[in-house]
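So the structure is just underneath, and the comments pick up after that.
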Amino acid sequence: MKDCKDQSFDATAFLPNFLGTFERVKGNANFYGMKQLPQMLEIGEIANEYIELMFPGRCGRDRVGLSLQEILQDQLNMVSTRLMNQVLIALKYSHPQEEEAVLKEKSEHKIKSLCAMLPEIRLKLKLDAKAGFEGDPAARNVREVILSYPFMKTLVIHRIAHELFKMQVPLIPRMFNEYAHKETGIDIHPGAVIGASFFIDHGTGVVIGETSIIGDNVKIYQGVTLGALSFPKDACGELIRGARRHPTIEDNVTIYSNATILGDITIGKNAVIGSNVWIKEDVPAHTMAIIQEPKLTFRDLHGRKN
Amino acid sequence: MKDCKDQSFDATAFLPNFLGTFERVKGNANFYGMKQLPQMLEIGEIANEYIELMFPGRCGRDRVGLSLQEILQDQLNMVSTRLMNQVLIALKYSHPQEEEAVLKEKSEHKIKSLCAMLPEIRLKLKLDAKAGFEGDPAARNVREVILSYPFMKTLVIHRIAHELFKMQVPLIPRMFNEYAHKETGIDIHPGAVIGASFFIDHGTGVVIGETSIIGDNVKIYQGVTLGALSFPKDACGELIRGARRHPTIEDNVTIYSNATILGDITIGKNAVIGSNVWIKEDVPAHTMAIIQEPKLTFRDLHGRKN
Amino acid sequence: MKDCKDQSFDATAFLPNFLGTFERVKGNANFYGMKQLPQMLEIGEIANEYIELMFPGRCGRDRVGLSLQEILQDQLNMVSTRLMNQVLIALKYSHPQEEEAVLKEKSEHKIKSLCAMLPEIRLKLKLDAKAGFEGDPAARNVREVILSYPFMKTLVIHRIAHELFKMQVPLIPRMFNEYAHKETGIDIHPGAVIGASFFIDHGTGVVIGETSIIGDNVKIYQGVTLGALSFPKDACGELIRGARRHPTIEDNVTIYSNATILGDITIGKNAVIGSNVWIKEDVPAHTMAIIQEPKLTFRDLHGRKN
């Protein structure tokens, strides 16, 4: 008998039945016949390079002797090129009948539009970091927020992905969003519109749905859901995709941990939403909405074995 | 003084005391004396290769010129071999007194049983992806669901791990499950029985306990717990391991975000469980169970500094 | 037209505007000018090496023929050296005016203090693993807990990071904590004081704030928050950083999933806190605090289309 390391399994006998499961489908779940798909690993690396573009030096990479301009030029060319190639793959996937030259032009055009947005995105991200510092007494300085707070990672990725979503790039915006979700536990759909100075503390379990609109200076905590209450269907009973179904959160709102806010409703400016609240209707501006003090039942456990 | 990169720390003086902590234990927390353990890194890679086996092409790997049959043959042989070697390591760990030849035969037999299940598993996974598309208006097509929805990753891994769990492979099923948990925030014990067309949206914080039973066409949202209410103990006060203690969820049930369902109870078919509900008793079929409208306290914040 | 793989994007035209966003800041969000920062990737690897130091063999690395003493000596020297170098980088970052020789001495001193704590930390971790086994009927043995339960990973990292936090090492304790958070969904601030035999089951979404104090034999479930109720400000309206604002959890307390405990309050020994409870006031010892049975509204769904 061969050594364990060399032992290999011959699965030939099991192949026909398994192959059979590929013949009953109509293409929807198959990828093998396709030229190429955007790659999750590459999308994740591109996401990290955009973080490094926004805060050069953050990843600790050694670039002694280069000027800021040289660092940015290299980084911007590199990350734009890598993203453009993935966008092209995604466009070919969605428009297989279109000529390659046309799609190349389209992908280049989209990357140009994104490049033109980067200054505005960076200014917003600096405000987000500042909001994190000002909103959390455990933060020692702004750099600690940028270096180690997960919401910063999510927001760099979201603010890039949101631009791609608006340009109707297929697949990639959602892949960016799922990469951020995997890394941070914060799940923001790339369609969500998010204002300046946004701070998510801790963040695990946060869900922000596709048609949510969030104003400036909003602060939310872990486990908050901005979700849909029901899904409109068309006359054939099919889900209407992309319809407005998520909340609007106005400026200066704070939402505490595990609050659930559902449907196309409005939380008015300066409102405060308490922990574990479950809201399906508008909340007026300048209002605090908290659950009635939960009536707790206290039972004496004296004498139980511990 | 040497350069920072070359500076090294000599910990010799601290070794005896640290070594001393190894002598007070009775083997339970030590691994060093053991031949080999299943490796988490390898288990994670194997999990990803099963995902690629189920949806070849998904990872974007380039395989131009190969037929589907060739791709599947290679992939199935490779992933089966790698898993077989890990299973053998796990069996040696649990049965150190057993002869290697016997364990090799056992591990090969288990991989064969798994291979025989793969067609059924793949058919279920295609239904899961379809359920995701039909259950989420933000999904643009089935392929987007397979490419980027975290529950798909978790379900490929769970459906494989569950077979290994049933065959009583030690350690590996839980390691698969923890790999999926780490990647997606969805924690499904490999013992849980899950029907066809299962959809978990978002998923962060979902916990599905060891003895849960879930029917067909069930849909659950982020933060849902199917947990145990109390743990039966034997006459010596020791926990009884593996006893039935989790819910049964019948066909067509929907459970909204952060609902907690505890104990060996039944949620009847077609039932709908609302957000943040906390349930410890049976819910009849065709029933909606929601928390009474939370009585919110509204306080006017006009004039507060912002 | 060139091949897709060769196509590159020239972003030169977009550089000036983007560069402009770097001139409006006062240094707070910039890293590029800095010598070097602690690296998240390296911190993550160091964290994993400390796990391997505590439970040698766990990662499955092959070290046949070496004695435990040899394994530990190598591992302890290696991981101490790597951490010392990161600590030095962090000290240089925070004390740019200080002489390098002084900082090297300080970093070496801190690593020595940490080395002296390792035996105590390891004894605590073994008790944590035992608490996991005794607290979860799904666990088959202590080794399974060490190998695959996410809280073990988090606690090794937390117990190391907490020592560094007490020694006022800048940046690195939080980076350790965020690495553990990313890997496990459990977010424990390195400032939190945690007693012996601590068990977190599942863990996704758990948040334990900076000034929390947790006694011995405490058990908590997924989604539990030990948070702050409000943030004290100084006379200028600035947040007071580091002030006491989180709960004290006394010995033998159990806190069930998604309970939220806020503010500088005390949960007395042997107390049990139920799921989804929201607590802002002291709970006496030997007491169970549960939410009143939620009054559920049941609606018959018979006849609805499924």
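These numbers come from the heavy atoms of this one structure, side chains and all, not from hydrogens, waters or symmetry mates. Numbered from 1 within each chain, the chains take letters A, B, ... in sequence-line order. As the structure is a prediction and not an experimental result, all values here were calculated from the model.
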Less than 4.5 Å to any heavy atom of chain C: does that hold for the side chain of B:N217, its backbone, both, or neither? neither

Measure distances from B:D187 to the heavy atoms of chain C and classify the residue's part below 4.5 Å as side chain, backbone, both or neither. side chain

Please determine, among [options], the option with the most heavy-atom pairs under 4.5 Å with chain B.
options	value
C:R140, C:E134, C:E108, C:E120	C:R140
C:S107, C:G205, C:G203, C:G135	C:G135
C:K112, C:E144, C:Q69, C:R82	C:K112
C:S257, C:A116, C:G274, C:G185	C:A116

Answer with side chain, backbone, both or neither: which region of [X] has an atom nearer than 4.5 Å to a non-hydrogen atom of chain B?
X	result
C:S80	both
C:N77	both
C:K130	neither
C:L53	both
C:F133	both
C:Q73	both

Taking all heavy atoms of C:I157 and all of C:A180, pick out the closest pair and write down the distance. CD1-CB, 3.9 Å

Taking the six-membered ring of C:Y50 as reference, does the NZ or CZ atom of C:R159 fall below 6.0 Å from its centre and within a 45° cone about the axis? no

Start with the C-alpha distance between B:T154 and B:T184, add both sets of side-chain angles, then the distance that settles side chain to side chain donor-acceptor pair (under 3.5 Å), and finish with yes or no. CA-CA 7 Å; B:T154 305; B:T184 67; 2.9 Å; yes

Verdict with reasoning, C:Q75 to C:E49, per side chain to side chain donor-acceptor pair (under 3.5 Å): CA-CA 8 Å; C:Q75 186 73 10; C:E49 295 298 352; 2.8 Å; yes

Hits for ring-ring contact (aromatic ring centres under 6.0 Å, His included) against B:F14, two or more places apart or cross-chain, chain-then-number order -> none

Check against ring pair (Phe, Tyr, Trp, His ring centres under 6.0 Å), B:F176 and B:H158: CA-CA 8 Å; B:F176 268 121; B:H158 171 75; over 10 Å; no

Quick one: are the ring centres of C:H202 and C:F151 less than 6.0 Å apart? no

Sequence neighbours left out, what passes side-chain hydrogen bond (donor to acceptor under 3.5 Å, both in side chains) with B:D216? Give chain and number order. none

